[in-house]
Amino acid sequence: MTQTTKVVIVNTGCANIYSVQCAFERLGVEVTVSDDPAVIKAADKVLLPGVGSAFAAMDSIRQKDLVGVIQSLTQPVLGICLGMQLMANTSNEKPGSHLVASKTDLVDCLGLIPTQIERMEVGELVLPHMGWNQVTLDNPHPLFKNIEEGAHFYFVHSFCAPLSEYTLAKCEYGMGFSAAIYHNNFYGVQFHPERSGKAGAQLLKNFVEL
Amino acid sequence: MLAKRIIPCLDVKDGKVVKGVQFRNHETIGDIVPLAERYAQEGADELVFYDITASSDTRVVDKSWVSRIAQVIDIPFCVAGGIKTVDQAGEILAMGADKISINSPALMDPELITKLHDTYGQQCVVVGIDSYYNKETGEYEVYQFTGDESRTLNSGRKTADWVKEVQQRGAGEIVLNCMNQDGVRQGYDLEQLKKIREVCNVPLIASGGAGEMVHFKDAYQQAGVDGALAASVFHKQIIDIQELKDYLIKEGVAIRK
C-alpha cells in the first residue's frame, strides 16, 4: 500500500497498542502512537485501541486530558474493542463488576456514538465471549469491503453495544449484539481486527482507505 | 456461531520451544518465532507460550520474544510463566500479548487474580491449573511448580474448589491441564473435564493428552470445552491443523475455516 495517509494511534495508556501498531506495519502502513493533541488532530485516520476496564481506561484518558481532543475529531476514527465501548455515552463496567452487575452503576464514556454499553446476558453460555465468531451485515459498508459475509473475527469481551440504529455489523452469542457501530466519522468494532487473521487485516486496510 | 478453538501450545525453555513427556525430559523442537508463524498460517486459532522453567526457578519469563511474536502473527496469543505481579503482567501485555496466564503464583497469592482483573480486565486473565488424579483418595488435586520435577508439589487444593475460587476472583478463562494424560497422547481426560465444566462459567480449555483428531472432537462434543490445547501432535506433525479443521467441520463442530 502506498502511504499518503497519516495514521495515529491514540496512546490511551491501555495494553494492545503495540499489537494494533504491528498489524498496520504488516500492511506496510506506518503509524504513530501519540497522546499529543496536535499530532492526533493532524492525523488523517485515528485509532482508539483499548483492552481492560472502561473505568480504568476513561480514568487514563481524563488524566491525559484527551477527552475534548477525541470528541473534537472530524476525520475517521476507529475504536477497537474497549476503544469502541469508550465511544458510547456510558458503560456499566466497573471494578468488581464480574461479581455484582448493577445496571445503574455507570461510567461516563466519550459520547461519540449515542449508545450504552451493557453487560452481556447470554443465559447458559459462558462469559467472557471469547474466541472466533461470525460477523454479518444488513447493508454493505466500505469498512467491510472484500470481507466475506459471515467471516470469523476474534472477540474477547463481556460487555457489548446492543443492536441499535447505530449498528453497522452484527454478531450472535446467546443474544444479538453489535459487532461494529458507527455515527458520523466515528466507527467502533467490538472484535480485535489486529488479531483476526486475513479478515481483520482487510478491515484495517479498508479503514485506512476510507 | 462461536467457533471451538484449536490451540497449539509452545513450551519455551531458554528461548527455545521444547517438549517434555509428563513434564520431564525436555527435547528441543525449534525456534519460537518461525514455529508461531507456521501455526498461525496453518490455521491455529490461538497460541499459548509457556515458559516452563520460569515459575520454578524464580525468574520472570524472558520477554524479548513476546514482541517478536506480536510483530509476525495475526491471531491471539497468551503468555505464561512466572508472572507474579501486576506490573510484570502489564509489561507482557504491552509487548503485544493478548492474555497472560498465571498458575503457581495464583496459588501462592490468589489476590493476584483480582488485581489483574481490576487493572487489565477479566478478558486477559487466564488461570492455568495442573490437576492430578489421586487414585488413593479418588480426588482431583492441584499441583504447583510443575515446570521443575524436583520442586513439584501438591498445593493441598481440590481442583473443583480452586476452579470455583479463581472465577470468583475474576479469572476470564481456565486452562485445565490433566497431568495424568499429559504427553501420552491417549486422549483428553473427558471425565475430569466434564466435572469441571459443570462448575466453570468462563471459557474452559482442555490440555493434556491429545493424540488423534477424534480426541479434539470428543473434548468439544462430550466435555463441552471451548478450546483444546495440544503440543506434540502439532510439533511432530502427527496432526495437520488444516486436516483437523476439515475433519471437525465434517463432524459438525463449529470451526473457523
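Atom set for the values below is all heavy atoms of this structure, side chains included, hydrogens, waters and symmetry mates excluded. Sequence lines set the chain letters: A, B, ... in the order given, protein chains first and strands last, and positions in each chain run from 1.
- Contacts between B:Val72 and chain A at a heavy-atom distance below 4.5 Å involve the backbone alone (N, CA, C, O).
- Across A:Pro128 and B:Gly172, no two heavy atoms sit closer than the pair CD-O, 3.2 Å.
- If you measure heavy-atom distances from B:Asp226 to chain A, the contacts under 4.5 Å come from the side chain alone.
- One finds a salt bridge joining B:Asp98 and A:Arg195 here, because a Lys/Arg side-chain nitrogen approaches an Asp/Glu carboxylate oxygen to under 4.0 Å.
- The heavy-atom pair separating B:Gly96 from A:Ser19 by the smallest distance is O-CB, 4.1 Å.
- Within the 4.5 Å cutoff, side-chain heavy atoms of A:Val126 are placed close to those of B:Arg197.
- Residues of residues 144-156 of chain A lying within less than 4.5 angstrom of chain B, judged on heavy atoms, are A:His152, A:Tyr154, A:Val156 in numerical order.
- When the heavy atoms of residues 249-257 of chain B are compared with those of chain A, the residues falling under 4.5 Å are B:Ile255, B:Arg256, B:Lys257, listed by number.
- When heavy atoms are compared at a cutoff of 4.5 Å, A:Ser196 approaches chain B solely by way of its backbone atoms N, CA, C and O.
- Counting all heavy atoms, side chain and backbone alike, A:Tyr18 lies closest to B:Ala94 at CB-O, 3.2 Å.
- Rounded to the nearest 0.5 angstrom, B:Ile75 CD1 and A:His192 NE2 are separated by 14.5 Å.
- Contact annotation: the side chain of A:Met130 approaches that of B:Glu173 to within less than 4.5 Å [non-hydrogen atoms, C-beta and beyond].
- Remark: the backbone N or O of B:Asp45 is paired with a side-chain donor or acceptor of A:Trp132 at under 3.5 angstrom.
- Within 6.0 Å of CD on B:Glu191 lie no more than 12 heavy atoms contributed by other residues, nucleotides or ligands.
- Note that the CD1 atom of B:Ile73 and the CZ atom of A:Arg26 stand 8.0 Å from one another [nearest 0.5 Å].
- Other residues, nucleotides and ligands place no more than 12 heavy atoms under 6.0 Å from the OH atom of A:Tyr182.
- Counting heavy atoms from C-beta outward, B:Met1 and A:Gln134 have side chains that approach closer than 4.5 Å.
- In this structure, B:Lys158 places its NZ atom where only 12 or fewer heavy-atom neighbours from other residues, nucleotides or ligands lie under 6.0 Å away.
- One finds the CG atom of B:Asp74 at 11.5 Å from the SG atom of A:Cys22 (value rounded to the nearest 0.5 Å).
- Contact of the B:Gln122 side chain with the A:Ser158 side chain is registered, since non-hydrogen atoms from C-beta on lie closer than 4.5 Å.
- Counting heavy atoms from C-beta on, the side chains of A:His129 and B:Leu2 come closer than 4.5 Å.
- Neither the backbone nor the side chain of B:Lys4 comes within less than 4.5 Å of any heavy atom in chain A.
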